[in-house]
Amino acid sequence: MTATDVICLGESMVTFLPSRPGRLADVPSFARAIGGAESNVACALAAAGHRVRWVSRVGTDGFGDHLVDAVAAYGVDTTAVRRDPDRPTGVYFRTATDRATDTHEVVYYRAGSAASAMSPRTVPYEDVDDARVLHLSGITAALSDDCLALMRALTAPRPGRPLVSFDVNHRAGLWRGADPAVLLDLARGADLVLTGDDEAEAAWGLRGAAAVREALPEPAVLVVKHGARGATVYARRADGEPDAVTFAAAPRVDVVAPVGAGDAFAAGFLSATLRGLDHTRRLRHGHLMAAAALTVPGDLGDPPAPAHADRLAGLDDDAWGRLHLGPGWTRTGEDQEVRTP
């Protein structure tokens, strides 16, 4: 039995969050936080009680110190994070608006970062194989040729490979001048794939969940997210029969900040998968973890207590359909924040 439930590999950066809405040119000050798809998943899983390791590279600078300390504070094992004396820790600034809108701005200072030097040479298999699940994201593939080579190595079949979870996480700005079709090749090598129907259309020209599954028949489990509407999971049957297909609607959420929801959903789905829950509850736990992120200003929200989340995920369809989550809802017992009008 391995000592670790999930290993998450990828770059984390120091994030500067605006003190008020508006253009970056007009925002007078920023609050420091941390951001990174894979470390977000790691922190959410650790906060939910799982044994998690984060694998990455950061600079030997103050921002690197802050990242490692902040991620470790969630209970994540950071002993496999390497320090690079020659490359800096990445940082970025963003506006308060939804990244899907035309007014959203994000400025990355990550070119040549310590994490972009991750490669098959700098990340040994022993750092990533001692776990039930290895969680990866398409963001890493876009950082450098070395990172892409590492992703290809980690998604290739090999003895002793853990279950590979791959969140497509297509970011158009990272693929300028490159072909995001490589993400489809990486996804084909994974066991569990998560993607949004919007990013599948943007990256691959695929419309609808069924088209995504047709293009990705290899993963045993495929999750296609439909934004605020919900998500669909396709699960291969052992007997060779057609996939089991399950849809779970998302609850209504009073959104505080529309960031971090995809990473939180992945954490919730993986947590429920590790616990062996059925696919409806896996999707619902994903939605609940996403709601925890959506109802706080930053990328990371405090997950609900396990008993609280299990109670909500186990609601009958009518009660689940009436669920309405607002800020503070994760605090067990504060049922005024969990409205079923």
Side-chain angles (χ1 to χ4, degrees), residues 8 10-47 54 56 58-59 61-76 78 81 88-111 113-115 137 139-140 142-143 167 169-174 196 227-228 253-267 289-303 325-331:
C8 299
E11 179 173 35
S12 189
M13 293 174 288
V14 172
T15 309
F16 289 94
L17 307 177
S19 58
R20 70 184 189 195
R23 302 183 311 151
L24 286 178
D26 300 327
V27 175
S29 60
F30 297 81
R32 185 185 65 176
I34 63 172
E38 301 84 3
S39 61
N40 286 346
V41 173
C43 292
L45 283 168
W54 174 47
S56 190
V58 300
D61 49 35
F63 287 147
D65 294 341
H66 174 64
L67 275 176
V68 173
D69 290 346
V71 173
Y74 281 86
V76 176
T78 59
V81 177
T89 303
V91 301
Y92 76 99
F93 296 77
R94 67 169 172 82
T95 53
T97 51
D98 187 338
R99 66 162 54 100
T101 69
D102 291 338
T103 58
H104 181 70
E105 296 175 76
V106 58
V107 180
Y108 292 104
Y109 297 93
R110 74 195 312 176
S113 69
S137 136
I139 293 173
T140 305
L143 298 182
D167 192 337
N169 250 326
H170 175 250
R171 298 286 184 268
L174 293 177
V253 177
D254 294 334
V255 176
V256 172
V259 292
D263 304 330
F265 180 95
M289 198 76 88
L294 289 169
T295 49
V296 296
D299 288 13
L300 291 165
D302 292 329
L325 305 174
W329 74 270
T330 59
R331 294 193 293 272

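Positions are given from 1, in the same order as the sequence printed here.
- In terms of heavy-atom proximity, Thr295 sits nearest to Leu325 at CG2-O, 4.2 Å.
- Looking at every heavy atom in both residues, Val41 comes nearest to Ala266 through CG2-CB, 4.2 Å.
- Tyr92 and Tyr108 have tilted rings, their planes meeting at an angle from 30° to 60° on a 0 to 90° scale.
- For the residue pair Ala290 and Ala261, the shortest heavy atom distance occurs at CB-O, 3.6 Å.
- To the nearest 0.5 Å, atoms CG (Asp26) and CZ (Arg20) are separated by 7.0 Å.
- A donor-acceptor contact closer than 3.5 angstrom links the side chains of Asp61 and Thr89.
- Nearest heavy-atom pair, Gly75 versus Ala46, reported as atom, atom and distance to 0.1 Å: C-CB, 4.0 Å.
- Put simply, the side chain of Thr95 gets close to the backbone of Glu105: a donor and an acceptor are under 3.5 Å apart.
- Closest non-hydrogen pair, Ala264 versus Ala293, comes out as CB-CB, 3.8 Å.
- Between Phe16 and Arg32, some side-chain heavy-atom pair lies under the 4.5 Å cut-off.
- In this structure, the side chains of Asn169 and Asp263 come closer than 4.5 Å at one or more pairs of heavy atoms.
- Closest non-hydrogen pair, Thr140 versus Glu38, comes out as OG1-OE2, 3.4 Å.
- With contacts defined as side-chain heavy-atom distances shorter than 4.5 Å, the pair Leu17/Arg94 qualifies.
- Counting heavy atoms from C-beta outward, Val256 and Val296 have side chains that stay 4.5 Å or more apart.
- Put simply, CZ on Phe265 and CG on Asp167 are 9.5 Å apart, with the number rounded to the nearest 0.5 Å.
- For the pair Phe30 and Leu24, the minimum side-chain heavy-atom distance is below 4.5 Å.
- To the nearest 0.5 Å, atoms CG (Leu45) and CH2 (Trp54) are separated by 15.0 Å.
- In this structure, the side chains of Arg171 and Ile139 come closer than 4.5 Å at one or more pairs of heavy atoms.
- The shortest distance between side-chain heavy atoms of Cys43 and Val71 falls below 4.5 Å.
- Put simply, the side chain of Val58 does not reach to within 4.5 Å of the side chain of Phe63, judged on heavy atoms.
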